[in-house]
Amino acid sequence: MPSEPLIQLKDVSFSYGPRPILQGINMTIPRGKVVAIMGISGGGKTTTLRLIGGQLRPTRGEVRVAGHSVPDLDAPGLYALRRRMGMLFQFGALFTDMSVFDNVAFPLREHADLSETLVRDLVTMKLNAVGLRGAHAMMPSELSGGMARRVALARAIALDPMLVMYDEPFAGLDPIALSVVGRLIRTLNDALGASSIIVTHDVHESLKIVDYVYIVAEGRIVAEGTAEDIRGSAAPYVHQFVWGERDGPVPFQYPSAPYREQILREPSRAH
Amino acid sequence: MLTKLAAGLRLLGRSVTDRLWRLGFASRFLLATLLYSGMALRRFGLTIREIYFTGVLSLIIILVSGLFVGMVLGLQGYDTLQRFGSASALGTLVALSLVRELGPVVAALLFASRAGSAITAEIGLMKATEQLSAMEMMAVNPIARVVAPRFWAGVVSMPLLAALFSAMGIFGGYLVGVQLIGVDDGIFWSQMRSSVDFGDDIVNGVIKSAVFGVIVSWIAVFEGYDCEPTAEGVSGATTRTVVTSSLAILAADFMLTAFMFRGA
Ligand SMILES: Nc1ncnc2c1ncn2[C@@H]1O[C@H](COP(=O)(O)OP(=O)(O)O)[C@@H](O)[C@H]1O
Ligand SMILES: [Mg+2]
């Protein structure tokens, strides 16, 4: 079934304890496309990525990746699937005790029994693809935010994954680094023949590079469509989100428990 | 009044059950660490690297402390022994105190505060910066790749460090007793050699330090892996590692001593 989409979320719900995070999400990521999941912070975007990567299980619904039902996979099956996924974490999550080179080489050394010469060639190619061949000897602490993001990107694509997930790839980048990373995501996706999911709240940068957009709010999908659809949408939430208006369906005041209840509650504790 | 008492009791009960939960959790974590130790043993280079770090981290403090503790033992021991006219037993006293007791215990306490806290902080920071999550998403089990090598490195290093501590201590006792105070050189060593038993004293001391090594390493990796992934979480976990392992070392020392040296 080559026409089956790479990823399908069907009626997926998830909650941390009693607190619902996602409620009845339906999402399709076709092969070869770049899809954005947008929404305000705390809206459940990272959670969605963790469901796809199998780090969390949905409380209800189906998560299918490349023909597998992710929550039903056993540990070896899950690890086999993850070898074909790359994930870029919010702040890069580079291994701080390893050089740039060793970071990118990490997945190769762990999973592929390759000679060091071959590892060196592959790492050099990946670093070249993100424009950081010259930085191979640097340590993560010596990199700027944008460079760290690009190294993490090189690491995420080291094993030529079928799917790359980006968690807030634009957060904290200056405008130049922002468009560099944005362009890279698109070109790497097309060069690898992979599919990509970008989780972001940076509307304008991502609308430039994505094929399809889901907008999530309060655990539900409130809008979806192509970049044009989203830009032209008159739906109040989408309009507020895209144009960054203070007033709208998203209230300025964070919803709060009754004052009395909050004061009498016992101190919350760590798990 | 009664409700206050009930609330107090409830709080006490909650903290006890919380602690038990945590102990159970930590035990399962230890089991998982042992289960996934294959990589740490197969790719022993990973463990060697951690032994190097824990060893180098703790070596200076262990050696210097050992020297001073031995020198103090020399002074105190001589002062006490010569009241009974048995200053010639100074070598025995210094060696037995160190090998049986002070070597394993003090080295373990120092190891907990130097290397244990560093292991917790390192793993905790890796968690807080999502490095462990990233590893999981790269289909690498962080317990096998990060936790187990550090655990085994601690277990291997501890007896070695305790032995070094004892050796430095004996040297310190010799410096003070023989060189400074003037106890006879030959008597100091020959008394020590004839009265320190290999099985009873040295092996038991090594067993102690191995047990302490397991305790400290276990607590250190668990606190790091389990900490809240924030700056406060990491610093809290680091403190807990030192406090918990110090208490655990002393408690375990009492129990081990009771079994090993009762009546002997
Ligand atoms: N481990 C956790 N335990 C409890 N709640 C969590 C945990 N992780 C995230 N959350 C909560 O879940 C919600 C969604 O989080 P997340 O998916 O990270 O949001 P986003 O990535 O869209 O900013 C947030 O409100 C957050 O507070
Ligand atoms: Mg997030």
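Letters go in sequence order (proteins before strands), and every chain restarts at 1.
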For residues 25-35 of chain B, please give each side-chain donor-acceptor pair under 3.5 Å, one per line with the distance, not counting sequence neighbours.
unit_1, atom_1, unit_2, atom_2, d
B:Ser27, OG, B:Leu23, O, 2.8
B:Thr33, OG1, B:Phe29, O, 2.8

**Item:** chain B neighbours within residues 73-82 of chain A, where any heavy atom lies under 4.5 Å away
**Value:** A:Tyr79, A:Arg82
**Request:** Considering only NZ, NE, NH1 and NH2 on the basic side and carboxylate oxygens on the acidic side, decide whether A:Arg109 and A:Asp102 come within less than 4.0 Å.
**Result:** yes
**Prompt:** When you check the gap from the basic side-chain N to the acidic O, do A:Glu168 and A:Arg149 get nearer than 4.0 Å?
**Reply:** no
**Request:** Please determine if B:Glu130 and A:Arg50 form a salt bridge, counting it only when a charged side-chain N lies under 4.0 Å from a carboxylate O.
**Result:** yes
**Item:** Per-residue contacts, residues 84-100 of chain A versus chain B, heavy atoms under 4.5 Å
**Value:** A:Met85, A:Met87, A:Phe89, A:Gln90, A:Ala93, A:Leu94, A:Phe95, A:Thr96, A:Asp97, A:Met98
**Asked** Between A:Arg64 and A:Asp72, is there a side-chain N and carboxylate O pair less than 4.0 Å apart?
**Response** no
**Prompt:** With side chains defined as the heavy atoms from C-beta onward, is the minimum distance between A:His136 and A:Thr124 less than 4.5 Å?
**Reply:** no
**Prompt:** Are more than 12 heavy atoms from other residues, nucleotides or ligands located less than 6.0 Å from atom CG of B:Leu9?
**Reply:** yes
**Prompt:** Partners of B:Ser117 by side-chain contact (heavy atoms from CB on, under 4.5 Å), sequence neighbours excluded?
**Reply:** B:Thr238, B:Val242
**Prompt:** If you count heavy-atom pairs under 4.5 Å between each of B:Arg49, B:Met39, B:Glu122 and chain A, which one has the most?
**Reply:** B:Arg49
**Prompt:** With a 4.0 Å cut-off, would you call A:Glu110 and B:Arg145 a salt bridge?
**Reply:** yes
**Asked** With distance as the sole test, does B:Ser209 use its side chain to make a donor-acceptor pair with the main-chain N or O of B:Val206 at under 3.5 Å?
**Response** yes
